[in-house]
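So the structure is just underneath, and the comments pick up after that.
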Amino acid sequence: MTDELKRYARQLGFDDCRIATAARAPHADAFLAWLAAAHQGDMHWLERDPDRRTDPAQVLPGAKALVVVSMNYYQGRSARRTPGRFARYAWGADYHDLMLAKLKELAGFLAAQGGIQRCYVDTGPILERDFAAKAGVGWQGKSTLCLNETLGTWFFLGTIVTTLPLEPDAPARSRCGTCTRCLDACPTQALTAPYRLEATRCLSYLTIEHHGPIPVEFRRALGDRIYGCDECLEVCPWNRFAKQSRELRFRESDALQTLTLAQLAQLTPETFRRLFRHSPIKRLKWRRLIRNVCVCLGNVGTRSDLAVLEPLAQHSDGLIAEHARWAVEEITARCRPVTPEA
């Protein structure tokens, strides 16, 4: 049955499918200590019932195994030729919707064998990376991300908790060795030690999960990153083996290829919803996108961008207005004419 399950998973488009025994997560204690240190920031859902998050049997009574799948999303170089970067995972279709539909089909196979299942794609109370490593899908790198010998860093995870007693696979062996490129490359030193991320310093957290103002101390480090940060992924040497995904829906959308920072700053809430309705970017919401774009313009914009920023600096939304004012000040100071010495 396990062999059939894995074959079916590949037919559905998953790049790997492996099994872990349902038991307390290997890094449960480290996760609880991380929460106690308040490194989760605004991600308050992580605090809710943390013991349940570390034990699949509390998610599905009678759970015996976890099916862990991976899906490659690598699409090569961006076609974008203007400042403004988006994390690769958000270039195309929303992976939550795409993968969940496939996971439900896989769960249907297990149901036909008499199992009861719960499916999750980065949305449920499961420490996916812990169980991915336990199942052998990949190992947890020093960046805290899951790494794979052939996919590098560019893959999504999905999990099915099942009551079927499936035969487990061997766990993955860490292959990071002495490499610390991910730690060295982090623009804000959010990776405070190997395998330890302080989320409140991470640019992905600040641009996506954080709802308030981006701390001034990190704004220049943001550069032209609009949504997320791939720095620790890009530098990983295991990515030399990465190949382009078979899933065409992960390809970079026309909007991400062509819209300039100034054009993004002028989007209305309605246009934002229309452009990104099938993208992971939709969860950012309009006001945080404009907040992020204002910071990017403050970092890389020119005097011509002041015409876009100055109206935003008077916006009724205080979050947008404050970031636009900061950007105006940054551009004005950077573009101030140099007075020749007497």
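Below, each value reflects all heavy atoms present in this structure, side chains not excepted, and no hydrogens, waters or symmetry copies. The first residue of the sequence shown is numbered 1, and numbering continues consecutively from there.
When atom types are taken as modelled, the side chain of H323 and the backbone of L319 share a donor-acceptor pair closer than 3.5 angstrom.
One finds no salt bridge joining R291 and E322 here, because no Lys/Arg side-chain nitrogen approaches an Asp/Glu carboxylate oxygen to under 4.0 Å. Taking the charged nitrogens against the carboxylate oxygens, D169 and K6 do have a contact shorter than 4.0 Å, which makes a salt bridge. No salt bridge links D305 with R303; every basic N to acidic carboxylate O contact stays at or beyond 4.0 Å. R283 and E209 are joined by a salt bridge, as a carboxylate oxygen and a charged side-chain nitrogen come within less than 4.0 angstrom of each other. A salt bridge between R249 and D94 is absent, with no side-chain N of the basic residue lying under 4.0 Å from a carboxylate O of the acidic one. Between R88 and E234 there is a salt bridge, since a side-chain N of the basic residue sits under 4.0 Å from a carboxylate O of the acidic one. Salt bridge annotation for D224-R85: present, with a cationic side-chain nitrogen under 4.0 angstrom from a carboxylate oxygen.
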Using the side-chain contact (heavy atoms from CB on, under 4.5 Å) rule, take I226 and L261 through it: C-alpha gap first, then chi angles, then the decisive distance, then the call.
CA-CA 9 Å; I226 301 168; L261 286 171; 3.6 Å; yes
Using the rule given for side-chain contact (heavy atoms from CB on, under 4.5 Å), can you reason through C119 versus T159, listing the C-alpha separation, both sets of side-chain angles and the distance that settles it, and then say yes or no?
CA-CA 6 Å; C119 301; T159 56; over 6 Å; no
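Annotation: cation-pi geometry satisfied between R240 and W238 (NZ/CZ under 6.0 angstrom from ring centroid, within 45° of ring axis). For the pair R273 and W286, the cation-pi test (distance below 6.0 Å, angle within 45°) is failed.
Under the 3.5 Å distance criterion, with hydrogens and angles disregarded, a donor-acceptor pair is assigned to the side chains of E252 and S78. Judged by distance alone, the side chains of T153 and N239 do bring a donor and an acceptor atom under 3.5 Å apart. The closest side-chain donor-acceptor pair between T192 and E198, if any, does not fall under 3.5 angstrom. Counting only N and O atoms by type, the side chains of Y89 and Y74 include no donor and acceptor under 3.5 Å apart.
Among N72, N148, T150, the single residue meeting the side-chain contact (heavy atoms from CB on, under 4.5 Å) criterion with D15 is N72.
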